[in-house]
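To start, the structure under review is shown below, and the notes come after it.
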Amino acid sequence: MGCGDSINELKLHPTDNSLLLSASKDNSLRLWNLKTQRCVVIFGGLEGHRDEVLSCDFDLQAHFILSCGMDHSVKIWSLETDDVKKTIELSYNYQNEKPFPILNQHFPIYSTRSIHRTMSIVLGGLVTFVLSKSCENKIVLLENRILLLKASSVIPDQTEVLHSFEYGNCD
């Protein structure tokens, strides 16, 4: 199974270079196992992005995925759920004639549209901070309390903008 549209960005997993994350114009993110050439997890759907995903990144410990896109939302997806961990493990040694059972993750653990009024791009995610930019001529530094909380729980939108860096000519 491939993507439903063009790919906007690719990121290698920071601790397992067999895993590749793609951000797509089909409104989803996909986690791929490069060794077995399988799509492992699709992040999107019910509570996923409503327009193309422009950017994605892993946090440094690879517990979370950060994504953002044309719907001007920033989302955080967990790689720490039992379902995701089991599916990744299964992708390395799946020996069945049936197609690989791709996991669909419809619900991010965090989502906000209150940071930018236009499309947003994740510039990078650390354990406690996220940088995001948009066409509003600013880069926003967010405190990311979500990554300090339990990975499997859904966090309400309580984004705190620590600083907004203004710059000219977004082009």
Side-chain angles (χ1 to χ4, degrees), residues 1-71 73-113 120-132 142 144-157:
M1 171 182 247
C3 290
D5 208 330
S6 301
I7 303 293
N8 286 324
E9 188 165 44
L10 296 170
K11 292 286 181 165
L12 276 174
H13 191 281
T15 61
D16 182 350
N17 61 9
S18 298
L19 297 175
L20 178 73
L21 182 65
S22 63
S24 175
K25 288 186 177 186
D26 71 0
N27 307 353
S28 72
L29 298 122
R30 293 173 196 254
L31 186 65
W32 304 86
N33 185 321
L34 297 175
K35 283 188 178 177
T36 61
Q37 301 180 358
R38 287 189 171 90
C39 178
V40 180
V41 184
I42 299 173
F43 299 91
L46 296 175
E47 295 293 325
H49 287 279
R50 295 289 168 240
D51 204 339
E52 67 183 271
V53 184
L54 295 175
S55 182
C56 60
D57 206 351
F58 294 94
D59 73 296
L60 294 177
Q61 284 87 24
H63 298 283
F64 302 96
I65 294 170
L66 300 112
S67 65
C68 58
M70 291 295 287
D71 59 358
S73 68
V74 175
K75 297 183 183 294
I76 299 177
W77 307 83
S78 177
L79 292 173
E80 291 296 298
T81 65
D82 289 340
D83 287 346
V84 172
K85 286 179 177 181
K86 287 176 187 172
T87 305
I88 291 171
E89 186 178 327
L90 179 64
S91 75
Y92 282 100
N93 48 28
Y94 184 72
Q95 301 292 326
N96 196 321
E97 293 178 13
K98 295 180 182 178
F100 181 78
I102 299 168
L103 179 64
N104 288 295
Q105 289 292 96
H106 296 288
F107 301 98
I109 61 165
Y110 175 78
S111 181
T112 186
R113 294 184 63 186
S120 58
I121 298 174
V122 172
L123 297 175
L126 301 174
V127 174
T128 55
F129 301 101
V130 173
L131 284 172
S132 179
L142 307 168
N144 194 356
R145 294 184 200 129
I146 295 91
L147 299 180
L148 301 174
L149 301 172
K150 186 178 178 191
S152 61
S153 60
V154 175
I155 313 301
D157 182 357

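Remember, predicted model here, so these are calculated numbers, not experimental data.
Atom CH2 in Trp77 sits 11.0 Å away from atom CG in Leu21 (nearest 0.5 Å). If you take CG on Leu103 and CD1 on Ile42, they are separated by 9.0 Å, rounding to the nearest 0.5 Å. Once rounded to the nearest 0.5 Å, the distance linking CG of Asp59 with CD1 of Ile76 reads 9.0 Å. Distance check: Phe107 CZ to Leu46 CG gives 4.5 Å after rounding to the nearest 0.5 Å. Phe64 contributes atom CZ, which lies 4.5 Å from atom CD1 of Ile109 (distance to the nearest 0.5 angstrom). Note that OG of Ser22 is 10.0 Å distant from CG of Asn8, once rounded to the nearest 0.5 Å.
Within the 4.5 Å cutoff, no side-chain heavy atoms of Lys75 are placed close to those of Leu29. You'll find the side chain of Leu12 stays beyond 4.5 Å of the side chain of Leu19, heavy atoms only. Side-chain contact between Ser24 and Val53 is absent, with no heavy atoms from C-beta onward closer than 4.5 Å. Side-chain contact between Phe43 and Leu79 is present, with at least one heavy-atom pair separated by less than 4.5 Å.
When each of Ile65, Leu66, Asp57 is checked for a side chain to side chain contact (heavy atoms under 4.5 Å, CB included) with Lys11, only Asp57 meets the rule.
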*Output, in order, the C-alpha distance, side-chain angles, deciding distance and verdict of side chain to side chain contact (heavy atoms under 4.5 Å, CB included) for Tyr92 and Ser18.*
CA-CA 9 Å; Tyr92 282 100; Ser18 298; 3.4 Å; yes

*Phe100 vs Leu90, side chain to side chain contact (heavy atoms under 4.5 Å, CB included): CA-CA, chis, key distance, verdict*: CA-CA 9 Å; Phe100 181 78; Leu90 179 64; 3.8 Å; yes

*Run the side chain to side chain contact (heavy atoms under 4.5 Å, CB included) check on Ser67 and His49 step by step: do they pass?*
CA-CA 9 Å; Ser67 65; His49 287 279; 2.8 Å; yes

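With hydrogens and angles disregarded, a donor-acceptor distance shorter than 3.5 Å links the side chain of Tyr94 to the backbone of Pro99. Between the side chain of His13 and the backbone N or O of Leu20 there is no donor-acceptor pair closer than 3.5 Å. For Glu9 (side chain) and Cys56 (main-chain N/O), a donor-acceptor pair under 3.5 Å exists by modelled atom type. A distance-only check finds a donor-acceptor pair linking the side chain of Asn27 to the backbone of Glu52 [under 3.5 Å].
Counting all heavy atoms, side chain and backbone alike, Ser78 lies closest to Val84 at O-CG2, 3.9 Å. Minimum heavy-atom separation, Thr87 to Asp83: OG1-O, 2.8 Å.
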